[in-house]
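Okay, so here's the structure we're looking at.
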Number of protein chains: 2
Amino acid sequence: MKRTRTLKRKPKRSEPKHREPEAVDPRSIDDDPVVQGILTAISQKRLKPGAKLGEDKLAAAFGTTRIHIRQALAYLASRKVVMQIPNRGAFVYRPSWEEAQDIFAARRIIETAAVSAAIDRLDKAGRAELKAHMDREARHDRNDRWASLSLTAEFHVLVAKLAGNRVLLEMSRELMLRTSLAIATFEQPGEPDCSPDAHPDIGALILARDKAGAIHAMRHHIEEMEQRIRPKEGEDEVDELTAIFQEIGARARAGG
Amino acid sequence: MKRTRTLKRKPKRSEPKHREPEAVDPRSIDDDPVVQGILTAISQKRLKPGAKLGEDKLAAAFGTTRIHIRQALAYLASRKVVMQIPNRGAFVYRPSWEEAQDIFAARRIIETAAVSAAIDRLDKAGRAELKAHMDREARHDRNDRWASLSLTAEFHVLVAKLAGNRVLLEMSRELMLRTSLAIATFEQPGEPDCSPDAHPDIGALILARDKAGAIHAMRHHIEEMEQRIRPKEGEDEVDELTAIFQEIGARARAGG
DNA sequence: GATGTATGTATTGTGAACAAATATACGGCA
DNA sequence: TGCCGTATATTTGTTCACAATACATACATC
């Protein structure tokens, strides 16, 4: 606290010489069990958009403290996987119809580019990884809904990984999650997320280094997904109300 | 909250009927003055990669408490703008050379797509906005370094905005920030971030709806930026060290 | 009977103190 | 002088308790 008058006669560096960080294991919050738990619950559709994520309940469920939960929720909110409303809590994010369309549009852009890059730099290891995944997807139990959901998302992530660009890979992961939220929000009952037959075709085209064909197949595949969702009926009415309230809120905040 | 599992048999409405959130003003943390302050300080290069961001100092600087600072730092860490190391603190993120290249590659993909979409949906309002920005960039004081930096980044964000895809816009904003970190880390002394003459050309091509030309100009512009940075000499040696430390850390964590 | 108000309860947000870990400074020793 | 172990000091991480807010129920009034 109080500098005990230690007459530093040689104050060559009064500033503390904080070593700069050397990329030491940041132990990302991505590994956090709470984050992982919520994420998998969402991708497995066990948590629906709009569901309340109470801090106390989560703390009890995961056997940890509220602080830990708050950190995890804040992180998920920054990734737009949960929505935090002041003094009301955290909810599973529910994208708007426009946002859902934007997500698919972004995926068309990023994943076609990823396919192209993946073909360019495809090597032996990449071929093996791709084949291994296609095998798993071909022989997996189609009745195990949760496994199916995980596998189909993994295919798209794998393609991004093969593209060899970590930034693109992060973006793909994020878009994959947001896609599952978009689908969960606007899906028609009973339809699968992904047409399961498209992946082998795309994979084969990548292995054959047919760039134009693979890109076209990927774009078509994403468009097909997008066409499975429909705007919610009666959503307009809600939108109208919220538009009014938002306007009122904005005016109140402005001080009028 | 020990909540010792009290057998509640059937309280008619024990479950609170939490209204689902209806897109009420989430008041994003993006508006937080601490986040904004650090962000602008970084894009203006007043905070260099590797700089320590002490919690107490920031709290004093912003006149707030550590809690707010910690929230802001956690958010910035999730966006890879700061790097948090357990028990050591937060530092301005310093991308690796590979990550810097990946950032530019991602920008090539996303921004060329944005140019294309912007041309497709260019309307009167968009034209006006673009022209207004080009005017400001043309007549701004070139000696005001901080204003220059802000304006050049704004051009790229504006193009993404004109593309009309909010998800793409978020990604562009994020990439813009990470680009300035990449440049700050690997720049050659004395070079500007952006060749200032490229923007009017690209803008004119967009206004002329010359899609192929605008895409080519944008790609070229980004490649030019990328070629201004060089890997740091002696970086390999550091990488070697960190590899060692990471290995040791991993072993320690594994319990050996 | 419906609407508006008041009270009680549950949940989130915040502040301050405490504990742990790390970095720095000091002193001994070769 | 240079190196190393110990002690101090700073900084981060966590816990606890309390304050503020919003929600739900009950009540009063028209």
Side-chain angles (χ1 to χ4, degrees), chain A residues 1-22 24-27 29 32 34 50-77 82-91 245 249 252-253, chain B residues 1-3 6 8 11-22 24-29 32-34 50-77 82-91 245 248-249 252-253:
Chain A
M1 187 63 83
K2 54 186 183 208
R3 260 343 158 107
T4 51
R5 58 150 179 76
T6 42
L7 262 286
K8 292 189 290 191
R9 47 199 110 187
K10 293 218 292 190
K12 39 184 160 189
R13 272 280 183 87
S14 140
E15 274 299 303
K17 23 183 161 183
H18 54 272
R19 262 207 341 254
E20 288 191 3
E22 321 244 320
V24 187
D25 167 40
R27 183 110 63 169
I29 190 172
D32 186 286
V34 179
K52 163 108 189 186
L53 300 169
E55 297 183 0
D56 278 333
K57 287 178 184 165
L58 286 174
F62 284 99
T64 178
T65 64
R66 263 182 65 206
I67 293 214
H68 200 181
I69 300 291
R70 286 176 72 82
Q71 289 171 355
L73 289 177
Y75 174 73
L76 292 170
V82 317
M83 179 177 180
Q84 278 181 315
I85 303 179
N87 291 317
R88 287 203 37 206
F91 305 81
F245 289 137
R253 240 172 295 131
Chain B
M1 280 329 113
K2 271 311 172 218
R3 189 62 93 94
T6 55
K8 29 178 135 173
K12 47 204 165 187
R13 280 289 180 73
S14 144
E15 275 301 308
K17 27 182 160 180
H18 51 272
R19 261 207 343 252
E20 289 190 0
E22 318 245 323
V24 188
D25 166 38
R27 185 106 62 170
S28 164
I29 190 172
D32 186 285
V34 179
K52 164 112 190 183
L53 299 169
E55 297 183 359
D56 279 330
K57 287 178 184 167
L58 287 174
F62 284 99
T64 178
T65 64
R66 270 181 61 206
I67 295 195
H68 292 313
I69 300 293
R70 286 177 73 82
Q71 289 171 355
L73 289 177
Y75 174 72
L76 292 170
V82 317
M83 178 178 181
Q84 278 182 314
I85 303 179
N87 292 317
R88 287 203 39 205
F91 305 83
F245 288 137
I248 290 174
R253 236 172 300 131

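A, B, ... follow the sequence lines: proteins, then strands. Residue 1 opens every chain. Atom set for the values below is all heavy atoms of this structure, side chains included, hydrogens, waters and symmetry mates excluded.
Atom CZ of residue B/Arg70 and atom CD1 of residue A/Ile67 lie 8.0 Å apart, to the nearest 0.5 angstrom.
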Contacts under 3.5 Å, N or O only, protein and nucleotides 17-21 of chain D:
none

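Rounded to a whole Å, the CD atom of B/Gln84 is 16 Å from the P atom of C/dT22. In this structure, the CG atom of A/Leu53 is 14 Å from the P atom of C/dT11, given to the nearest Å. Straight-line distance from the CG atom of B/Asp56 to the P atom of D/dA9: 17 Å, rounded to whole Å. Look at CD1 on A/Ile67: it is 16 Å from P on D/dT12, rounded to the nearest Å. The interatomic distance linking B/Glu55 (CD) with C/dA16 (P) rounds to 16 Å, in whole Å. For the pair B/Asp32 CG and C/dG13 P, the computed distance is 14 Å after rounding to whole Å. Protein atom CG of A/Leu73 is 14 Å distant from nucleotide atom P of C/dT11, rounded to whole Å.
For the side-chain hydrogen bond (donor to acceptor under 3.5 Å, both in side chains) test, residues two or more places apart in sequence or in another chain that qualify with A/His68 are A/Asp32, A/Thr64. Contacts of B/Gln71 classified as side-chain hydrogen bond (donor to acceptor under 3.5 Å, both in side chains), with partners at least two apart in sequence or in another chain: none. Considering only residues two or more places apart in sequence or on other chains, A/Ala59 meets the side chain to side chain contact (heavy atoms under 4.5 Å, CB included) condition with A/Ile69.
Put simply, the side chain of B/Leu73 reaches to within 4.5 Å of the side chain of B/Leu58, judged on heavy atoms. In this structure, A/Phe91 and A/Ile85 have side chains that are in contact, with non-hydrogen atoms separated by less than 4.5 Å.
Of the side-chain N and O atoms in B/Arg88, one or more sit less than 4.0 angstrom from OP1 or OP2 of C/dA23. When the side-chain nitrogen and oxygen atoms of A/Lys52 are compared with OP1 and OP2 of C/dT12, one or more of them lie within a distance under 4.0 Å. Note on B/Thr65: a side-chain N or O is less than 4.0 Å away from OP1 or OP2 of C/dG15. Put simply, B/Arg70 has a side-chain N or O that comes within less than 4.0 Å of OP1 or OP2 on D/dG13.
The side chain of B/Gln71 lies closest to C/dT14 when the candidates are D/dT12, C/dG13, C/dT14.
Not a single donor-acceptor pair under 3.5 Å links the side chain of B/Lys57 to the backbone N or O of B/Lys52.
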